[in-house]
Amino acid sequence: MLVEALALSALLFTIGVVGVLTRRNAIIIFMCVELMLNAVNLSFVALSKLYGAAGQVFVVFTMAVAAAEAAVGLAIIIAIFRHQRTVNLQNINLLKG
Amino acid sequence: MNPAMIPEGAHPLAATVARLVWLLPLLPLLGFLINGTLAMLGVAKIGPADPSANGGHGHGEVPGHADEHAHDDHGHPPRHKFAKIVSLVGPGVLVAAFALAVAIFAAMRGVEMEHPYLLTLFSWMPVGDLKLDATILLDPLSMTMVMVVTGVGMLIHVFSVGYMQDDPGYPRYFAYLNLFVFFMLLLVLGGSYPLLFVGWEGVGLCSYLLIGFWFSEKANADAGKKAFIMNRIGDFGFLVAMLLMFANFGTLDILGVAEQAAELPMGGVIATTIALFLFLGCTGKSAQIPLYTWLPDAMAGPTPVSALIHAATMVTAGVYLVARASGIFSMAPVAQLTVALVGAATAFFAATIGLKQWDIKKVLAYSTVSQLGYMFVAVGVGAYVAGIFHLVTHAFFKALLFLGSGSVIYVLHAAYHKTHNHDDAQDMRNMGGLRQYMPITFSLMWIATLAIAGIPLFSGFFSKDEILTSVFARISHSTLADASLLGMPGGTVLMIVYGLAVASALMTAIYMARMMLYTFHGPNRTGEGERPHLKEAPWVMTGPLVVLGALTAFGGWLNVPALLGAIGPVGGLEHFLEPVVGEAALRTTLGVAPHLPHSTELMLVGAAIFIAVAGIAFAVWRLKPAALVPRKDAPESTGIDRVLENKYFVDEGYAAAFVNPTVNASRTVLWKGFDAGIIDGLFVNGSALLARAFGWMGSQLQTGQVGTYAWVLLIGVITLLGAFTFR
Amino acid sequence: MTAFLSSINYNAWIVPALLLLPVFGAVGLWAHALLTAKAPADRRWREVRILAFAFFLAEALLSLGLWWSIDPAAAGWQAAVDLPWIPQWGVRFSVGLDGIAMMLVLLTTLMMPLAVLGSWTSIRTKPHAYYVMLLFLTVGMLGVFVALDLVLFYVMWEIMLVPMYLIIGVWGGERRLYAAIKFFIYTMIGSLLMLVAILYLGSEASRVAGAPNFSYDFILSNVRLDPTTTLWLFGAFALAFAVKVPMFPFHTWLPDAHVEAPTAGSVILAAIMLKMGTFGFIRFALPLFPSAAMNPAVRSLIIALAVIGIVYGALVAMVQPDFKKLVAYSSVSHLGFVMLGIFSLTVESMQGALMVNINHGVSTGALFLLVGMLYERRHTRMIEDYGGIAKVVPIFATILTIVSLSSIGVPGTNGFIGEFLVLVGSYKTQPVATVISATAVIFAAAYLLWSLQRIIYNKLSKPENATIRDLNWREIGLLVPLLIAIVWMGVYPKPVLEKTEAAARRLVTYVEASANRVPVSASNTAR
Amino acid sequence: MQANQFHSLAYAFGFYFFGLLALASAIAFVTRKNTVAAAMWLVNVMFALAALYVMLDAQFIAAMQVLVYTGAIMVVFLFVIMLLNLGHPSELADARGKWGYLLALLVGLAMLAEVMALNRSRTIEKMIPPDLAARAAEAAATPMAGGIIGPVAAPLFKEYLLAFELTSVLLLAAIVGAVVLGKRRTDAR
């Protein structure tokens with residue numbers, strides 16, 4: 001089952017990537033990122049069967065980070081939305097110096 | 001000769017007044033310090049504590065001391081407030097120095113001067129193999145020079161008291177003049193070449209300062225700068241000569257070098273190169289071809305300066321140097337021939353220019369160049385005594401001529417000043433008939449003219465005749481005759497030299513007579529208004545002239561030739577200088593004293609007298625002072641006259657050939673092109689530009705669109721993964 | 001004097017004291033800034049400059065004892081102090097002096113108060129920061145001269161860069177930012193390569209010693225490298241120093257930096273910082289890599305660049321319209337003489353090079369001070385804006401003339417002694433280069449006298465120049481020591497020469513001996 | 001790897017079922033225009049993954065997946081979507097053009113291909129211990145000590161204690177950051 005799990009992980013990750021690339025809605029992109037994180041988690045868990053429980057520990061950390069990220073990221077999106085009245089990333093280029 | 005062999009103090013002079021010889025240069029230095037301080041005190045106005053607070057923004061207010069110098073001034077300027085002290089100190093130190101020099105000279109006459117007297121003052125540059133001490137070298141040669149420098153210098157200092165009395169820069173003038181004497185004494189007393197070089201450059205510096213004394217005129221400042229730079233070209237030669245000496249001999253002491261040079265092969269490369277580079281130094285200092293052009297321009301300085309520096313002392317330093325380095329020169333016949341040929345060519349060339357000059361000081365300046373050429377002919381052919389002899393007599397009569405012309409200019413200037421006329425007080429076309437107004441000056445200057453022309457029994461006759469005879473004597477049976485210069489046998493070269501020298505003697509007689517005729521004879525061409533003001537200059541100026549007149553008339557007795565043994569002791573100077581230059585002179589003449597048959601010698605003397613008389617007669621016959629018109633009415637000259645008046649356009653040629661190309665190439669090619677263009681523009685700023693270009697390209701990727709970043713990131717990921725995959 | 005100094009054990013503490021005093025000074029100035037934060041700016045400015053001057057003066061007086069306490073003939077390092085600093089990396093705080101370094105230390109400590117006096121009235125913005133920068137600069141410069149540990153040396157080398165960058169960039173002229181950045185990057189590029197070389201040497205030393213070691217002495221006596229590596233390392237060191245000297249063609253930062261820097265900055269740059277480059281060659285590049293430095297190709301290249309620099313600097317100086325730039329290019333020419341003297345490798349030329357080093361510090365420093373004084377009055381550095389001011393400011397004109405003559409190298413001034421010794425010594429080994437260099441005596445006279453004429457002589461044609469005020473007592477007072485030095489070293493240079501004689505002789509014999517140890521064929525194939 | 005020690009038909013069916021469910025839900029998720037619908041599909045993916053975790057003997061992680069991801073994070077997402085009222089049409093037309101899709105698809109495929117190739121390449125082989133099969137068998141054979149949570153908890157609170165504690169700091173910072181960012185500025189404008 002290991003190979004299948006890893007393949008699935010790769011597929012999910014790719015879907016997440018394609019989503020990030022094609023969508024412009026900030027929240028959807030954000031969710032795509034979460035999908036990618038999940039795909040990675042799947043790899044960790046699958047491999048933890050081989051290498052011991054450290055992989056699962058890592059998944060716990062990933063989740064914590066994902067939670068923190070979601071909190072801050074969504075707060076940012078809200079702040080931007082307040083300012084720009086949109087979450088369409090094409091209309092947002094605050095990163096440009 | 002070896003200085004190491006004579007313990008200091010063991011020299012017979014050590015017990016005499018000569019041990020005070022270090023005071024000689026020190027006295028004028030003291031005068032310089034006092035006068036310099038007074039000069040600064042006279043003009044200094046200490047600025048405010050905060051320089052930027054005021055000043056620099058105001059307009060129009062010109063401080064009193066910024067007025068034009070006295071010569072352009074209309075109101076009679078007040079004497080300088082320190083004039084009295086300066087008049088006392090300035091000439092005073094020279095009188096003291098001269099007195100000391102006379103005392104030392106007397107002491108020297110009392111002892112056997114086989115070895116020079118060396119006095120080491122302190123260790124100067126002890127570095128590695130180079131053990132340079134500040135050593136004074138006192139021997140008959142330097143004694144002769146000291147006597148000339150202090151003696152003539154003293155007279156000129158006294159003259160200056162009168163000539164410069166109204167100048168606002170009076171103390172500054174004497175400070176410079178004293179400093180000059182200090183350096184000149186250092187030059188002649190220096191016991192090593194570097195020490196001599198200190199004096200050598202020091203006199204050049206003072207010459208620069210004094211030529212540009214009235215620096216508010218651009219022409220004067222230009223002339224000073226030109227003199228210094230021309231001299232520096234020569235000094236480059238001197239410097240290289242010293243490098244060669246040290247590299248080959250391991251010492252720079254004058255005696256040490258002479259000793260080592262004696263062991264060189266005759267006519268070897270080393271001796272020839274050193275001698276030629278030394279001579280390059282001489283061409284700068286003593287205004288020989290090709291570096292002579294600064295001397296005529298140097299007439300921009302006050303006239304006593306021209307007399308002291310640019311006639312009597314500094315410009316003869318080159319002659320002194322050749323005599324001093326006679327040990328090297330006598331080993332290099334090719335260099336000697338070069339010296340003689342350049343000297344003769346200069347004598348001839350300058351004399352032709354002198355024929356057509358209108359400025360009285362320019363005539364004298366070219367005459368000086370010409371006479372210096374004579375001296376180089378003498379030292380070039382190894383007749384060092386003749387060269388030094390001519391140096392001494394020339395110092396007498398040329399100083400007299402310059403001071404006399406100074407008197408004339410002074411009187412004319414004072415007259416113009418009273419009538420508010422702005423004509424040129426130095427142009428002979430504005431003079432004429434001054435005989436009746438300035439009889440003393442007139443007669444003294446005629447004495448000098450007869451001397452320089454070579455009329456018998458005046459000093460110039462003896463020295464000039466000795467030079468011509470020496471050249472003639474060496475055409476055969478000398479190292480020179482055996483050598484060849486650029487494929488031409490030495491004998492031929494010497495014959496050319498002799499011919500040029502005789503021709504210049506003729507021209508000398510002509511242009512000097514012309515100068516006297518135009519200045520003192522014929523009708524007076526000054527304006528009606530000025531005429532009542534023409535009178536003899538004050539005694540403080542005329543007095544030194546009289547002394548110089550006596551020296552000019554009787555200076556020939558210093559070294560009477562054997563031919564005229566009837567009139568006095570024969571060869572005084574010759575015997576005096578024998579320990580210094582005798583050996584080298586004999587080397588050139590293959591060990592035997594040059595000897596010409598009596599008849600030949602008589603013929604030569606007769607020819608010389610004939611030439612002198614003929615020249616003066618020709619001038620009197622051809623030149624009509626009455627036909628001259630004042631400068632402002634004179635027509636433009638044409639043809640050969642114009643070429644001569646413009647000095648063969650040599651200055652313009654130098655400017656076009658050397659100065660302008662150097663400056664222009666430095667500006668356009670080196671600075672703007674290479675420095676700012678290639679190094680700074682291409683490499684330095686170019687690399688900065690390149691970095692900025694890459695930066696700009698990078699910044700274009702920063703769209704601020706997260707999507708783009710995601711794309712870029714992903715491309716990076718794929719590339720990396722690909723790199724892993726297909727490794 | 002010597003007895004007194006040894007009774008207070010002067011040599012044991014003087015070098016750390018000299019390095020620490022400016023730091024205390026900086027703290028003191030900072031405290032002053034905090035304490036008087038509410039005071040009027042004018043009062044703070046007046047107070048801080050006195051305070052800073054007091055520190056610099058104390059530093060100078062403190063350092064004077066070195067003249068007597070250092071035995072120039074002694075073989076080892078004098079006034080040496082050796083303390084652990086970063087033991088993990090084997091870096092030590094190891095300092096010491098020889099005759100050469102002592103003269104440069106004295107030059108630094110004595111020039112600094114004069115530089116402060118020179119900018120007494122011109123620096124009014126952020127005076128505290130300015131003086132603190134000068135103090136830190138002093139630490140860096142002294143550190144470079146005394147460091148005997150390669151890492152310490154590098155740290156000091158870089159420390160002095162920052163204050164100078166800020167001095168130019170904050171208190172400079174119109175194009176100060178351009179000049180400051182150019183100065184910084186130019187110097188940095190060179191010194192980074194040097195860092196690599198230092199690390200390499202350190203690792204080699206550590207391999208030999210078995211423990212981390214960056215000691216100069218240890219590396220000098222124990223590290224043996226193959227010819228190729230030696231060449232590369234020498235190149236890295238030489239580039240860093242060549243930029244600093246500056247040698248042609250790495251000199252173009254100098255005119256810009258000089259022109260834009262405030263007076264004190266120019267003075268320090270010319271008088272002291274340029275000396276670091278030549279000092280680096282003498283202390284590091286030559287003794288550490290003798291076979292590379294004496295490699296015929298390398299040596300000819302450096303001599304050629306030095307000679308080009310001498311002539312080129314003089315020619316370019318001749319046509320500069322800006323007096324400060326003129327002096328800057330004249331520095332290129334003068335420092336060329338130093339390089340020629342060093343690489344000719346005779347005792348005379350080495351001594352001459354050291355002499356030119358000091359002379360250049362004195363006379364060019366004085367020239368920059370004088371330009372600064374003129375600039376304060378008329379706010380222009382263009383030569384053509386002046387003319388005939390000798391009548392208006394006779395004291396200034398007199399001093400400018402004397403200093404220019406020294407820079408020209410007229411005998412009787414210090415300039416002559418140095419140039420003469422360099423030429424005399426260099427001729428023995430490099431005759432052609434020496435003769436070409438000797439032409440600089442002509443060009444030097446040409447450019448300085450020409451500019452002198454256009455500034456102080458000629459007709460007083462511009463009415464705004466008629467009201468310039470002459471120097472005040474402060475300015476005269478700060479120039480007089482320099483004038484005394486000019487004449488003293490010109491007339492009686494023996495005391496100075498004696499101080500460096502032994503060190504110069506040791507260096508020459510050491511390099512000659514070590515260069516021959518590696519056969520020439522080996523170093524040839526290394527290319 | 002062909003030797004699969006712990007297969008049973010039901011197990012295999014379950015595995016493939018949830019795997020395909022996750023895949024299908026993910027595709028549905030990225031293609032939905034409606035944000036809420038997309039979020040719901042993502043929730044579906046996560047549930048499916050939780051099931052897979054259980055089958056991979058990571059029951060604790062599965063529980064966490066449901067609790068944290070589905071229960072907390074996704075709810076926050078939905079909450080924000082609704083808060084911002086991202087329903088109206090201009091926001092919906094958010095996808096790129098068809099070239100964008102095509103390109104994204106290509107890139108995705110390329111990446112997938114690379115990952116697959118990497119799996120088979122020597123690089124991975126080197127990373128896989130030679131006794132992998134044996135170790136897997138051993139791991140399957142030995143019963144887990146300390147139950148389900150023990151194997152995870154032991155390293156978490158021993159080796160990774162510091163990191164674990166730091167996570168709490170991270171979370172705290174995230175909370176503070178979120179509050180600050182989300183706070184409506186009263187003084188601005």
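Since this is a predicted model, take the numbers as computed values, not measurements. Letters go in sequence order (proteins before strands), and every chain restarts at 1.
Only the side chain of D/Val45 comes within contact range of chain A, with heavy atoms under 4.5 Å apart. The contact between D/Ile61 and chain A is made by backbone and side chain atoms together, counting heavy-atom distances below 4.5 Å. Proximity to chain A (any heavy atom under 4.5 Å) is shown, for D/Ala39, by both the backbone and the side chain. Interface remark: D/Ala58 contributes backbone and side-chain atoms alike to the contact with chain A (heavy atom separation under 4.5 Å). Of the two parts of D/Val152, the backbone and the side chain both hold a non-hydrogen atom closer than 4.5 Å to a non-hydrogen atom of chain A. Both the backbone and the side chain of D/Ala163 come within contact range of chain A, each with at least one heavy atom under 4.5 Å from a heavy atom of that chain. Proximity to chain D involves both the backbone and the side chain of A/Val72, based on heavy atoms less than 4.5 angstrom apart. For D/Glu159, no part lies under 4.5 angstrom from a heavy atom of chain A. Using a 4.5 Å cut-off between heavy atoms, D/Thr31 contacts chain A through its backbone alone, with no side-chain atom that close. Contact of D/Met111 with chain A is made through the side chain alone, with heavy-atom distances under 4.5 Å. Heavy-atom distances place the side chain of D/Leu49, and not its backbone, under 4.5 Å from chain A. In this structure, the portions of D/Leu156 lying under 4.5 Å from any heavy atom of chain A include both its backbone and its side chain. Residue contact with chain A, scored on non-hydrogen atoms closer than 4.5 Å, is absent for D/Met55. Interface remark: D/Leu42 contributes side-chain atoms only to the contact with chain A (heavy atom separation under 4.5 Å).
Ring geometry for A/Phe61 against A/Phe58 counts as perpendicular: the plane angle is over 60°, on a 0 to 90° scale with 30° as the lower cut.
The structure places CZ of D/Phe13 at 9.0 Å from CZ of D/Phe18, a figure rounded to the nearest 0.5 Å.
Although no hydrogens or angles enter the test, the distance criterion places a donor-acceptor pair under 3.5 Å between the side chain of D/Arg32 and the main chain of D/Ala28.
Between D/Ala26 and A/Leu35, the shortest heavy-atom distance links the atoms CB-CD2, 4.1 Å. Taking every heavy atom of both residues into account, A/Ala64 and D/Thr167 meet most closely at CB-CG2, 3.1 Å. The heavy-atom pair separating D/Ala38 from A/Ile28 by the smallest distance is CB-CD1, 3.7 Å. Scanning both residues, D/Val30 and A/Gly19, for their nearest heavy atoms gives CG1-CA, 3.9 Å. Scanning both residues, D/Ala22 and A/Leu12, for their nearest heavy atoms gives O-CD2, 3.9 Å. Residues D/Ser25 and D/Asn44 approach most closely at OG-ND2, 3.1 Å, considering heavy atoms.
Here D/Phe29 is the residue among D/Tyr160, D/Phe29, D/Phe164 with the most heavy-atom pairs under 4.5 Å with chain A. The candidate from A/Ile77, A/Val59, A/Leu37, A/Leu11 with the greatest count of non-hydrogen atom pairs under 4.5 Å with chain D is A/Leu11. For the set A/Cys32, A/Ala79, A/Ala70, the count of heavy-atom pairs under 4.5 angstrom toward chain D peaks at A/Cys32. With respect to chain A, the highest number of heavy-atom pairs below 4.5 Å among D/Ala174, D/Gly177, D/Pro155 belongs to D/Ala174. Residue with the most contacts toward chain A among D/Ile73, D/Leu109, D/Leu103: D/Ile73 (heavy-atom pairs, distance under 4.5 Å). Ranked by heavy-atom pairs under 4.5 Å with chain D, the first of A/Ala68, A/Gly55, A/Ser48 is A/Ala68.
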### Message
What verdict does the side-chain contact (heavy atoms from CB on, under 4.5 Å) test give for A/Ile78 and D/Leu83, after you've listed the backbone C-alpha separation in whole Å, the side-chain angles of each residue and the deciding distance to 0.1 Å?
### Response
CA-CA 9 Å; A/Ile78 292 171; D/Leu83 177 77; 4.0 Å; yes
Extract all donor-acceptor atom pairs below 3.5 Å that involve side chains of residues 40-47 of chain A and protein atoms in other chains or at least two apart in sequence.
unit_1: A/Ser43; atom_1: OG; unit_2: A/Ser9; atom_2: OG; d: 2.5

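For residues 30-84 of chain D, every residue pair satisfying the ring-ring contact (aromatic ring centres under 6.0 Å, His included) rule, not counting sequence neighbours, is listed here: A/Phe30-D/Phe77.
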